[in-house]
Each structure stands twice: as C-alpha cells, then as structure tokens.
2 protein chains.
Amino acid sequence: MPATIRDVARASGVHISTVSRTFSAPHLVNPETRNRVLACAERLGYRPNRAARALITGRTHNIGLIVADIANPFFPPLIKAAESQARQRDYHIFVADTNEDPAVEEDLVHALAKQVDGVLLCSPRMSNSLIEQLSREVPLVVINRQVAGLPAVVMDVGQGARLAIEHLTGLGHRDLALLAGPRGSWTSREIRRSATAAARAAEARLTVLGPNAPTEDGGFAMAEQVRRTGATAVLTYNDLMAIGLLEGLDALGLRVPQDISVVGIDDIALSRLTRPKLTTVATPTAAAGRTAVDMLLQHDKSASPRTGRGRSGTSDDRRTTAQVTLQTELVIRDSTGVGPAAPAHRAGPAAAADRYATSPAVPGSHGHADPGSAAPATPDVVVS
Amino acid sequence: MPATIRDVARASGVHISTVSRTFSAPHLVNPETRNRVLACAERLGYRPNRAARALITGRTHNIGLIVADIANPFFPPLIKAAESQARQRDYHIFVADTNEDPAVEEDLVHALAKQVDGVLLCSPRMSNSLIEQLSREVPLVVINRQVAGLPAVVMDVGQGARLAIEHLTGLGHRDLALLAGPRGSWTSREIRRSATAAARAAEARLTVLGPNAPTEDGGFAMAEQVRRTGATAVLTYNDLMAIGLLEGLDALGLRVPQDISVVGIDDIALSRLTRPKLTTVATPTAAAGRTAVDMLLQHDKSASPRTGRGRSGTSDDRRTTAQVTLQTELVIRDSTGVGPAAPAHRAGPAAAADRYATSPAVPGSHGHADPGSAAPATPDVVVS
DNA sequence: ACTTCTCCTGCAAACCTTTGCAGTACCCCT
DNA sequence: AGGGGTACTGCAAAGGTTTGCAGGAGAAGT
C-alpha cells in the first residue's frame with residue numbers, strides 16, 4: 001500500500017535510479033527532473049524504505065541502547081545525553097530495557113543486531129564471554145563494565161567508593177556495611193573491591209551484604225539485616241537502594257545520621273529531595289552517554305558500502321580499542337554524621353565538611369535545589 | 001564478514017531455501033538435513049538477517065514506542081508494561097524519546113516506520129492532522145490522546161480532574177488555580193476543560209496558569225505566580241510539577257496544606273515520598289501500556305505476506321478503530337487540607353477522609369510505603 | 001505395475017533500494 | 001570537423017531473505 005520507489009518512477013516518467021538519486025544524491029540529478037520527482041513523491045506520500053536501504057548500504061543510522069532498568073532514575077540522563085549526541089550526528093537511538101535479566105539482554109542484542117549500526121550495552125549483566133561473542137555480530141560499546149578487546153566507557157566507582165569509605169572512617173566510623181548490587185554487575189564488584197581495600201587501610205570492619213536488587217525495595221528489605229551487623233555506617237550500590245534503606249531504617253526507628261550514616265552512589269536527582277538529603281557518589285552519566293556514542297560512531301567509520309571486490313584489503317583494522325574512564329566525586333549532604341570513634345568536639349551532620357575544600361558548585365540538574373530563601377540550605381560539599 | 005544464509009547453504013551442501021526453512025519452518029525439512037544445517041549455522045555463527053527478512057515478509061516483530069520524556073517517572077511503568085506484554089507475544093519494543101519536541105517526534109516516526117510493525121505514540125505533541133498523515137505510513141496507536149479514526153487508549157483525566165476539584169471545593173476552597181501542561185498536550189486540554197466545568201459547578205473561581213514545562217522546574221518556577229492569584233488550592237498537570245511546586249511554595253514560606261493545598265496527577269512512585277505526601281489522581285499507566293500493545297497487535301493481524309496477486313481483495317478492512325478509556329481515581333494523602341470556607345469543626349489534612357469510602361488498598365507498586373511500625377501511617381484514601 | 005500420496009528439496013521470483021558503469025546529448029575549444 | 005569535457009540518465013547487479021511451484025524419490029494403495 002505505501003508507495004515505493006517504483007511508483008514514483010512510473011509517475012514521474014524516469015528510471016528508479018533517478019528517483020533514488022533524487023533522495024540520496026540530489027546534486028546528480030537535473031533540477032527540473034528533481035522537482036518533478038519530488039512533486040510525485042510528495043503526492044504519493046513516498047518515503048525511502050530504510051530497511052531496504054540499510055540492506056544494501058550496510059548503514060542504518062540507528063544506534064541501539066540497552067539498559068538494565070529504565071525505571072531506575074540513573075539511566076534517563078544517560079539516555080538523553082546519548083540521544084542528543086546521536087541526533088547531532090544524524091543518528092537515532094532505540095532504547096530497550098532488559099529488566100535486569102541477562103537472557104533478555106542477549107535476546108535484545110540479536111533483535112537489534114541488523115537494524116542498528118551498533119549497540120551501547122549499559123550495565124550488562126551477561127558474562128564476559130557472551131558479550132565477546134555477541135560483539136562479533138554487531139559493533140558493541142559497553143558502559144559500566146570492562147571487557148577485554150571491546151571499547152568501553154566506565155565511571156570510576158572504585159575511586160568513588162574509596163572516597164565514601166574514607167569519608168566515613170574519617171568521621172569516626174569503625175563498623176561499616178556495604179549493600180552490594182545485583183549478581184553479574186561489574187560495577188558492584190568494583191565497588192566491593194575498592195571499599196574492602198579502603199576499609200582495610202583504615203582498619204575498619206566492613207560487612208558485605210548481598211547480592212541485592214538495585215531498587216528501593218532492595219534497600220528497604222535490608223534494613224533489619226544492616227542493623228544486625230551492628231554497623232554505624234552503610235554504603236549502598238546505588239541511590240535507589242540507599243533511599244529504600246533510609247525508609248527501612250526509619251521504619252525501624254533508627255535515626256539518620258545520628259544512629260547510622262548512609263551513603264549512596266549515582267547522585268540521581270531524587271537524592272537531593274529525601275530527608276535527610278543523601279550523601280552520595282556522583283557519577284558523570286551524561287558524559288558517559290555522549291562518550292559512548294562518540295566511540296561507537298568513530299569506530300564505525302569503517303563502513304561496508306556494498307561488499308565491493310570481496311574481502312580484499314585489511315578488513316581487520318581493529319584499531320586500539322579505547323577504554324575511557326570517567327571520574328566520580330563524593331557529594332556530602334546530610335545522611336552522614338560522626339561515628340562513635342569521632343573526636344568529642346565534633347558533632348552534627350555537616351561536621352566533617354571542613355575537612356575538605358568547600359566547592360559549593362554541584363553539577364546536578366535542578367538549579368533550584370537550594371532555594372536559599374528557605375532553611376539555612378547547607379550547600380553540597382563536593383570531594384573528588 | 002558475518003555469515004549469510006548462502007555461506008551456511010554452501011557449508012552444508014544444500015540450497016539456501018532449505019537453510020531458510022530450517023529456521024522459519026523446521027517441520028518442512030528432514031530432521032537429518034536440519035541437524036546438519038543447524039550444526040553448520042552454529043559453527044559459522046549464522047543469524048538470520050532480520051532486516052532482510054522483514055523486507056520480504058513485511059513483518060519485523062518489533063514495536064516502536066515514542067514517549068515525550070523518558071526522564072519523567074510517569075513513563076517507565078508504561079514502558080515496562082508494554083515491554084512485558086510485547087515479549088509475551090514474541091515482539092520487541094524499541095523506545096525513543098522526543099524531548100517534548102514535535103519535530104523530533106515526527107522524525108522518529110519516519111525513522112521507525114519501516115523497522116517496526118507499528119508505533120505506540122505516547123502523549124504526542126504533534127497536531128492531529130500530522131498524526132493522521134503519519135498513520136498512513138505505519139500503523140499507529142495513540143496513548144493519552146484522541147485522534148479521529150485512529151485506535152487510542154486514553155486515561156480519563158477529565159474525570160480525575162473533576163474528582164480533584166470536587167475534593168478541594170468540598171474542603172471549602174473557593175479560589176483555585178490550575179497549572180496547565182505543555183502546549184500541544186491533549187491531556188492538558190482535557191484537564192483544563194473538566195476542571196473549569198467542575199469549578200463552575202461548585203461556584204468556585206479557577207485561574208489557569210500556563211502553558212508550562214511538565215517538570216519539577218516547571219512547577220517550581222510557578223510558585224510565586226500561584227501565590228499572586230490568591231488561590232488556596234492548586235491542581236497541577238502532573239505530579240512532577242506538583243512536587244516542584246511544593247518546593248517552590250516551601251521556599252516562599254508557605255505551608256502545605258495549612259496555607260495552600262496541592263493536588264497532582266499521575267501518582268508516580270515519588271509522590272508517596274514527598275513531605276507532605278502528595279494527594280494526586282492515579283492513572284493506570286501499566287494497563288495503558290498493555291492495552292496499547294494489544295490493540296496494535298490485533299489491528300495488525302492483516303499482515304502483508306508478499307504482495308501476492310496484487311491489490312486484489314478488500315485490503316481496506318479498517319475495522320472499527322477502538323478507543324479504550326481507562327478510569328482514574330483520586331488518592332487523598334497529606335497535601336490537601338481544609339480551605340477558608342470549611343465548616344469550623346473540621347481541621348487537619350485528613351479531615352475530609354470520612355467523606356468517602358475508606359478503601360486503604362492502593363494499587364501502587366511499593367508495598368512498603370506504609371511500614372505500619374513507624375508513624376501513624378495514615379492509609380491512602382482512594383476515590384473513584 | 002500403475003496411480004496416488006507424502007515428504008523433502010531445489011528453482012527462481014520477489015521485496016526495495018543503491019551504485020558502478022556505460023551511454024547519450026550537448027557545449028566548448030581548437 | 002574532430003576531440004574532450006560535462007551533465008544527466010538508464011541498465012542491471014547486488015544485498016539477504018522468503019515462498020509458491022514443481023520435481024524426484026520412495027511408500028502405500030489398488
């Protein structure tokens with residue numbers, strides 16, 4: 001029913017190749033002819049079939065973006081950044097959600113494979129070997145994970161976790177807990193590794209609890225267990241869990257930060273709205289999205305315009321597969337306070353602020369977060 | 001570089017059609033042959049090219065889902081519901097975000113057109129005529145909008161707005177304000193229409209402010225203007241704006257609900273976490289997502305397997321294009337209280353609760369929202 | 001032994017484009 | 001008049017798959 005190139009050719013009395021050129025290389029066709037063709041196309045409502053075009057050119061001008069859970073506020077900023085970056089380069093982004101399920105993840109890569117020029121794999125839960133295998137099917141860029149031989153952009157959560165632990169031990173906490181993330185998460189492993197090391201260095205005890213669902217519910221459910229560890233400070237895999245934990249602790253009658261301190265990771269917009277405001281590790285999600293798109297597109301210059309004269313030449317120009325690491329920083333707000341071993345003259349949530357350079361500029365989105373006219377509005381303290 | 005059907009055929013010594021059948025109609029090929037083919041395919045890492053397959057079958061088994069703003073918590077539940085429904089029917093969903101920009105919206109429909117079997121257009125900002133035109137290019141189901149001749153699923157926000165206004169006037173408010181949504185939003189028009197009528201019926205004054213960006217910032221920015229209207233109660237286009245407004249009013253030193261009442265629309269998860277908890281109109285987003293997928297797939301049975309013998313037959317089986325309307329309900333929490341004209345013996349936020357049947361069951365997601373052990377935990381009051 | 005079936009496989013057209021190559025027409029120079 | 005451009009257009013192959021049709025082989029029925 002929809003008009004094809006042939007219909008337009010017939011209607012305007014030219015060969016289909018001329019119609020094709022009218023759209024993909026207008027300068028090659030006589031202005032007069034071109035206008036006639038365009039008019040017919042317009043009249044018939046013709047649009048080039050992108051699937052057919054992709055079949056022969058090998059380029060779809062689409063990018064797939066697979067995320068673990070679209071409902072996690074961590075992802076939207078990344079998605080939006082990727083989209084705008086892609087749009088600038090005349091590409092479109094198709095997003096898909098895996099529900100944290102590795103099987104769905106694999107399935108989606110296959111589904112996207114031939115309809116996109118590459119896939120951005122965000123926080124994948126699959127095994128490394130599977131990812132490598134899939135990368136032979138479609139160009140891949142992984143985000144929040146390192147896979148040998150694949151381009152990747154990771155946020156340095158290891159450093160962030162270290163900062164968080166140092167912040168807590170600096171406040172006098174000696175008994176720490178870590179709420180780990182989901183099984184298969186590279187990020188969770190990094191956090192655990194780094195937090196463990198930092199705790200050991202500070203001679204503090206660290207209990208790791210998990211794996212857990214990286215959601216509010218996941219955090220809420222662990223409140224009781226956290227209490228049982230006797231920890232006076234907790235680091236969580238992400239902000240959502242921290243927020244759930246906040247609620248859970250509240251339900252248990254524990255006050256934050258007086259009885260127990262909580263630190264999240266991600267710095268989602270929501271973490272500024274909780275009571276108390278959440279101390280957290282800020283990750284540069286937007287930058288990650290942009291970078292990933294750039295890496296994919298750059299690596300992608302080696303198009304395959306028709307098979308040409310066969311597999312001659314050195315098609316294996318697997319140039320240095322870059323791995324970009326983005327820095328993180330600690331944003332100190334109100335959910336962390338002094339611990340039992342703290343110097344006596346210090347007290348209150350913000351007591352530790354003076355240990356660091358005070359740069360009140362916080363890179364977040366909501367400029368109005370600290371209205372200024374209302375409560376004292378302690379500015380965020382940022383450590384990096 | 002990736003293996004094609006021809007490679008597999010050559011390797012297993014059969015014709016390509018046999019390979020094709022091995023994958024798309026296994027029962028038609030001798031088990032022995034089939035195994036040989038499968039083995040070769042496995043060895044070569046062959047995967048059918050979905051684009052090529054779509055070209056000839058006319059079916060991609062993909063569905064496009066276009067939303068206005070993926071960062072708005074309203075959408076993820078809808079997306080997830082659509083995804084799981086689609087997955088059940090062996091379809092994949094590709095999501096794209098328009099940034100609230102009608103031009104991007106149109107562009108995306110074109111980009112998706114030939115790569116999906118249909119597009120779910122969620123809260124479109126385009127003109128009706130443009131939508132109709134696009135619907136000739138690819139099957140469309142619109143969500144949160146009514147377009148003549150197109151299948152649609154809408155949530156009855158009109159009814160919701162009416163309930164909200166009646167709730168407020170019932171509490172004794174006589175001066176109301178409405179924070180409208182973005183230009184081009186059908187939902188916003190519906191709300192406005194219905195709210196105006198309800199206010200008139202109750203002989204209350206209603207000031208409409210807008211259009212506004214449907215975000216926290218959008219709500220925050222209007223606090224001052226709301227105050228200037230002298231209204232004692234406000235209804236907002238969505239929860240995000242209501243939450244922003246809450247912050248804005250707080251910054252102005254106005255107390256909610258003592259000085260001013262606020263009602264949102266959507267009942268996003270976040271609205272249960274604000275202080276005070278937000279009174280809001282709950283919309284059945286998940287059901288909408290599921291329904292939309294079903295409508296698309298059902299309307300889609302009329303596949304076009306090859307052009308066959310031409311345009312014979314009655315291809316114009318444009319069967320009754322259904323329009324489904326989903327009910328909404330009012331969830332009364334703590335952001336609404338009595339107004340100046342209220343009976344004297346009533347006071348406090350929950351004072352109006354007894355006016356309605358008290359059904360504490362709220363359909364939301366977070367089962368732990370009311371821990372029970374903590375504060376009195378007033379259960380949500382639901383009106384529908 | 002002949003027909004009729006069933007089961008399997010191959011052939012080739014079709015889907016909608018893009019693009020290298022070749023051909024035509026015309027103009028400009030010398 | 002002849003040579004060399006330039007500007008445009010047509011031809012046909014190619015991309016990877018599906019599928020109606022027909023043919024071959026063997027089994028079963030008469």
Side-chain angles (χ1 to χ4, degrees), chain A residues 1-10 12-37 41 44-61 113-115 117 137-138 303-311, chain B residues 1-10 12-37 41 44-61 113-115 117 137-138 303-311:
Chain A
M1 183 57 99
T4 82
I5 200 175
R6 237 172 295 267
D7 300 323
V8 179
R10 197 166 17 237
S12 42
V14 299
H15 193 261
I16 59 166
S17 56
T18 302
V19 178
S20 172
R21 277 187 276 258
T22 301
F23 286 95
S24 47
H27 59 278
L28 288 183
V29 27
N30 185 316
E32 194 181 335
T33 321
R34 191 198 307 157
N35 287 334
R36 188 154 35 97
V37 171
L44 298 177
Y46 168 75
R47 291 265 163 187
N49 182 325
R50 301 180 54 122
R53 177 186 297 208
L55 187 55
I56 188 166
T57 63
R59 276 14 289 66
T60 66
H61 266 235
K114 289 300 189 308
Q115 331 224 27
D117 295 342
E137 203 165 324
V138 55
S304 60
R306 210 182 229 206
T307 336
R309 320 192 314 286
R311 66 290 317 276
Chain B
M1 183 58 98
T4 81
I5 200 175
R6 238 172 295 267
D7 299 324
V8 179
R10 196 167 17 236
S12 42
V14 298
H15 194 262
I16 60 166
S17 56
T18 302
V19 178
S20 172
R21 277 187 276 257
T22 301
F23 286 95
S24 48
H27 60 278
L28 287 183
V29 26
N30 185 314
E32 194 181 334
T33 322
R34 191 197 309 154
N35 288 335
R36 188 155 35 97
V37 171
L44 298 177
Y46 167 74
R47 292 266 164 186
N49 182 326
R50 302 179 55 122
R53 178 186 295 204
L55 187 55
I56 187 166
T57 62
R59 303 246 111 337
T60 66
H61 267 236
K114 289 299 189 309
Q115 331 225 27
D117 296 341
E137 202 165 325
V138 55
S304 60
R306 209 180 228 207
T307 335
R309 319 192 314 287
R311 65 289 318 275

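A note on names: the letters A, B, ... follow the listed sequences, proteins ahead of strands, and every chain is numbered from 1.
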Distance, rounded to the nearest Å, where [X] contributes [atom1] and [N] contributes [atom2]:
| X | N | atom1 | atom2 | value |
| --- | --- | --- | --- | --- |
| B:Arg50 | D:dT18 | CZ | C1' | 15 Å |
| B:Arg59 | C:dC16 | CZ | P | 14 Å |
| A:Leu28 | C:dA22 | CG | P | 17 Å |
| B:His27 | C:dC7 | NE2 | P | 11 Å |
| B:His61 | D:dT18 | NE2 | P | 12 Å |
| B:Ile5 | D:dA14 | CD1 | P | 18 Å |
| B:Asn49 | D:dT18 | CG | C1' | 13 Å |
| B:Arg34 | C:dC8 | CZ | P | 9 Å |

Exercise for the section: Take the C1' atoms of the five end pairs on each side of the helix from C:dA1-D:dT30 to C:dT30-D:dA1, get both axes, and report the angle to 10 degrees. Expected result: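 About 50°, once rounded to a multiple of 10°.
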
Practice task
Ignoring backbone atoms, test whether A:His15 places a side-chain nitrogen or oxygen under 4.0 Å from the OP1 or OP2 oxygen of D:dC11.
Solution key: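 Result: yes.
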
Practice task
Over all heavy atoms of both residues, which pair between B:His61 and B:Asp117 is shortest? Give the atoms and the distance, please.
Solution key: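 Nearest heavy atoms, B:His61 then B:Asp117: N-OD2, 2.9 Å.
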
Fill in the blank from the handout: Nearest heavy-atom contact between A:Ala3 and A:Leu44 is CB-O, 3.7 Å

Exercise for the section: Carefully, step by step, assess B:Ile5 and B:Val8 under the rule side chain to side chain contact (heavy atoms under 4.5 Å, CB included). Expected result: CA-CA 5 Å; B:Ile5 200 175; B:Val8 179; 5.6 Å; no

Roughly how far, to the nearest 0.5 Å, is the [atom2] atom of [Y] from the [atom1] atom of [X]?
| X | Y | atom1 | atom2 | result |
| --- | --- | --- | --- | --- |
| B:Asn30 | B:Thr22 | CG | OG1 | 10.0 Å |
| B:Ser20 | B:Leu28 | OG | CG | 10.0 Å |
| A:Tyr46 | B:Glu137 | OH | CD | 11.0 Å |

The side chain of [X] lies closest to which of these nucleotides: [options]?
| X | options | result |
| --- | --- | --- |
| B:Thr33 | C:dC16, D:dT17, C:dC8 | C:dC8 |
| A:Arg53 | C:dT17, D:dT17, C:dT9 | C:dT17 |
| A:Asn30 | D:dT9, D:dT17, C:dT17 | D:dT9 |
| B:Thr4 | D:dG16, C:dT17, D:dT18 | D:dG16 |

Practice task
Under 4.0 Å between any heavy atoms, over every strand shown, what does A:Pro2 touch: base, sugar-phosphate, or nothing? Just pick one.
Solution key: nothing

Practice task
With heavy atoms under 4.0 Å as the rule, sort A:Arg47 into base, sugar-phosphate or nothing.
Solution key: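 Sugar-phosphate: the residue A:Arg47, judged by heavy atoms under 4.0 Å, touches backbone atoms but no base.
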
Handout entry: With sequence neighbours excluded, residues passing side chain to side chain contact (heavy atoms under 4.5 Å, CB included) with A:Ser17
Key =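 Side chain to side chain contact (heavy atoms under 4.5 Å, CB included) list for A:Ser17, sorted by chain: A:His15, A:Arg21.
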
Exercise for the section: Mind running a 4.0 Å heavy-atom check of residues 17-24 of chain A against DNA chain C and sending the residues that fall below it, in number order? Expected result: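 Within residues 17-24 of chain A, the residues near DNA chain C are A:Ser17, A:Ser20, A:Arg21.
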
Do the side chains of [Y] and [X] get nearer than 4.5 Å, heavy atoms only?
| X | Y | result |
| --- | --- | --- |
| A:Val37 | A:Val29 | no |
| A:Leu55 | B:Asn49 | yes |
| A:Arg47 | A:Pro2 | no |

Exercise for the section: Identify, between B:Leu55 and A:Val29, the residue whose nearest nucleotide on DNA chain D lies closer to the 5' end. Expected result: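 Between the two, 5'-proximity favours A:Val29.
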
